[in-house]
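Reviewing the structure listed below.
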Amino acid sequence: MRILAVSDVEAKYFYDYYTPGKLDGIDMIISCGDLNPGYLEFLVTMANCPLLYVHGNHDDGACREPEGCECIDDRVVEIGGVRIAGLPGSYRYKHGAYMFTERGMRRHVRRLRYAIRRHKGVDILVTHAPARHLNDFDTLTHRGFECFHELLDTYRPRLFLHGHIHRNYGVGIPQRTEHGDTLVVNACEYCLLDYDEEKIV
């Protein structure tokens, strides 16, 4: 399964400089939030495959939902035998529809746990914010959530996709890291992944 993960920054390669065929072979698109609905609608139309998304901290209530795409906030969906779970938002640093305290995010995690148990596990965890001390910063605006570790350590998904941490924020911000058996990918702008039963590249 070929996955295009996107987040935060519109990729000019797939949008401004799009040419027919660039999205051929993509089986699924996953958005980790903070992207214009029109951009997501363009991707899902040109790729002609499922597009799943979670809300980012800038996707407030005034922002319309992208047509032809499926929101997976606090849900688990299964595509091609792959179970994908989603959680929205970032750490609260001001008022916002998708900004949460650690306690507030724990409530989302509890709801998601029920869905994960119904699906007998999760293969891909999708969030906007990172996990605490895993690709995050110490500032409130870019702090990750401690409670994400509970999901990673309990259910051990093969892949954890997040956004929120723009890679131009500093030198040495990785796109791929590992947490136990889980590949952690910062999807800011975009990342292409080949996902199969044996490995992810």
Side-chain angles (χ1 to χ4, degrees), residues 4-12 15 29-44 51-67 69-77 84-113 115 122 124-152 157 159-170 173-177 179 184-191:
L4 171 62
V6 295
S7 189
D8 294 275
V9 177
E10 295 174 1
K12 291 184 177 181
Y15 201 32
I29 301 171
I30 298 176
S31 169
C32 297
D34 281 354
L35 287 170
N36 187 292
Y39 175 66
L40 297 182
E41 290 165 353
F42 176 84
L43 292 179
V44 76
L51 191 155
L52 311 177
Y53 70 95
V54 296
H55 288 96
N57 56 297
H58 295 300
D59 296 325
D60 61 28
C63 185
R64 69 177 179 86
E65 301 299 319
E67 295 182 12
C69 307
E70 184 174 1
C71 179
I72 58 169
D73 289 354
D74 302 341
R75 298 177 56 221
V76 177
V77 299
I84 306 122
L87 288 166
S90 75
Y91 207 92
R92 176 173 285 173
Y93 58 90
K94 63 178 182 177
H95 178 73
Y98 296 107
M99 295 190 198
F100 309 101
T101 61
E102 183 73 35
R103 184 177 179 182
M105 183 56 76
R106 284 184 183 277
R107 287 195 289 270
H108 285 268
V109 167
R110 281 197 297 272
R111 285 196 292 269
L112 188 62
R113 279 178 177 269
V122 59
I124 301 176
L125 176 63
V126 181
T127 66
H128 179 63
R132 184 70 176 126
H133 302 304
L134 191 60
N135 297 345
D136 71 340
F137 296 140
D138 288 329
T139 57
L140 279 182
T141 49
H142 294 98
R143 174 179 289 181
F145 288 102
E146 295 275 1
C147 54
F148 289 174
H149 285 278
E150 297 170 16
L151 293 173
L152 295 173
L159 179 61
F160 172 32
L161 297 172
H162 72 82
H164 196 51
I165 305 298
H166 296 217
R167 294 183 65 218
N168 62 357
Y169 284 170
I173 295 175
Q175 184 170 51
R176 299 184 184 207
T177 53
H179 178 80
V184 180
V185 174
N186 179 355
C188 187
E189 192 170 359
Y190 79 93
C191 183

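- Residues passing the side-chain hydrogen bond (donor to acceptor under 3.5 Å, both in side chains) test with Y91, sequence neighbours excluded: none.
- Y39 places a side-chain N or O within 3.5 Å of a backbone atom of A11 that can act as its donor or acceptor partner.
- Scanning both residues, V126 and V54, for their nearest heavy atoms gives O-CG1, 3.9 Å.
- A distance of 11.5 Å separates CD1 in I72 from NE2 in H55, rounded to the nearest 0.5 Å.
- We find that E70 and R75 are joined by a salt bridge, their nearest charged nitrogen and carboxylate oxygen being less than 4.0 Å apart.
- Within a 6.0 Å sphere centred on CD of E67, heavy atoms belonging to other residues, nucleotides or ligands number 12 at most.
- Residues V122 and P157 meet the side-chain proximity criterion, which asks for heavy atoms closer than 4.5 Å.
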Evaluate side chain to side chain contact (heavy atoms under 4.5 Å, CB included) for L43 paired with L51, printing each intermediate quantity in order.
CA-CA 8 Å; L43 292 179; L51 191 155; 4.2 Å; yes
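- The distance between the ring centers of H108 and F100 falls below 6.0 angstrom.
- Closest of all the heavy-atom pairs between C188 and V9 is SG-CG2, 4.0 Å.
- Each of P88, C32, C71 was checked for a side chain to side chain contact (heavy atoms under 4.5 Å, CB included) with Y53, and the lone residue meeting it is C71.
- In this structure, T127 and A129 approach most closely via the heavy-atom pair OG1-O, 2.6 Å.
- A pairwise comparison of heavy atoms in L152 and A131 identifies CD1-CB, 4.4 Å as the closest pair.
- Side-chain atoms of H149 come within 3.5 Å of backbone N or O of R132 as a donor-acceptor pair.
- The distance from atom CD of E10 to atom CG of L40, rounded to the nearest 0.5 Å, is 8.5 Å.
- Looking at F145 and L87, their side chains never come closer than 4.5 Å, going by heavy atoms from C-beta outward.
- Between the side chain of Q175 and the backbone N or O of Y190 there is at least one donor-acceptor pair closer than 3.5 Å.
- Distance check, rounded to the nearest 0.5 Å: NE2 of H166 to CD of E189 gives 10.5 Å.
- M99 contributes atom CE, which lies 8.5 Å from atom CG of D60 (distance to the nearest 0.5 angstrom).
- No side-chain donor from either of D8 and H164 sits under 3.5 Å from a side-chain acceptor of the other.
- Between R143 and D136 no salt bridge is recorded (no basic side-chain N to carboxylate O distance below 4.0 Å).
- Of all the heavy atoms in P37 and R64, the pair that sits closest is CG-O, 3.2 Å.
- How far CG of L35 is from CG of D59: 7.5 Å, rounded to the nearest 0.5 Å.
- Listed for the T101 side chain is a donor-acceptor partner under 3.5 Å among the backbone atoms of G104.
- Not one N or O on the side chain of D74 forms a donor-acceptor pair closer than 3.5 Å with the backbone of V109.
- Note on E102 versus R107: no salt bridge recorded, every NZ/NE/NH1/NH2 to OD/OE distance being 4.0 Å or above.
- Using a distance-only test at 3.5 Å, with no hydrogens or angles considered, no donor-acceptor pair links the side chain of R176 to the main chain of V185.
- V6 is not listed as a side-chain neighbour of I30, based on a closest heavy-atom distance of 4.5 Å or more.
- The line from CG of N186 to CD1 of I165 is 7.0 Å long, rounded to the nearest 0.5 Å.
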Before you tell me yes or no, could you show the steps for L125 and L151 under side chain to side chain contact (heavy atoms under 4.5 Å, CB included), namely the whole-Å CA-CA distance, both residues' side-chain angles and the distance that decides it to 0.1 Å?
CA-CA 9 Å; L125 176 63; L151 293 173; 4.3 Å; yes
When you look at L161 and L159, which way does the side chain to side chain contact (heavy atoms under 4.5 Å, CB included) test go after all the steps?
CA-CA 6 Å; L161 297 172; L159 179 61; 4.0 Å; yes
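- Scanning all heavy atoms of the two residues, the minimum distance from P130 to N135 falls at CG-O, 4.2 Å.
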Run E150 and R106 through side chain to side chain contact (heavy atoms under 4.5 Å, CB included) and show every step you take.
CA-CA 10 Å; E150 297 170 16; R106 284 184 183 277; 2.3 Å; yes
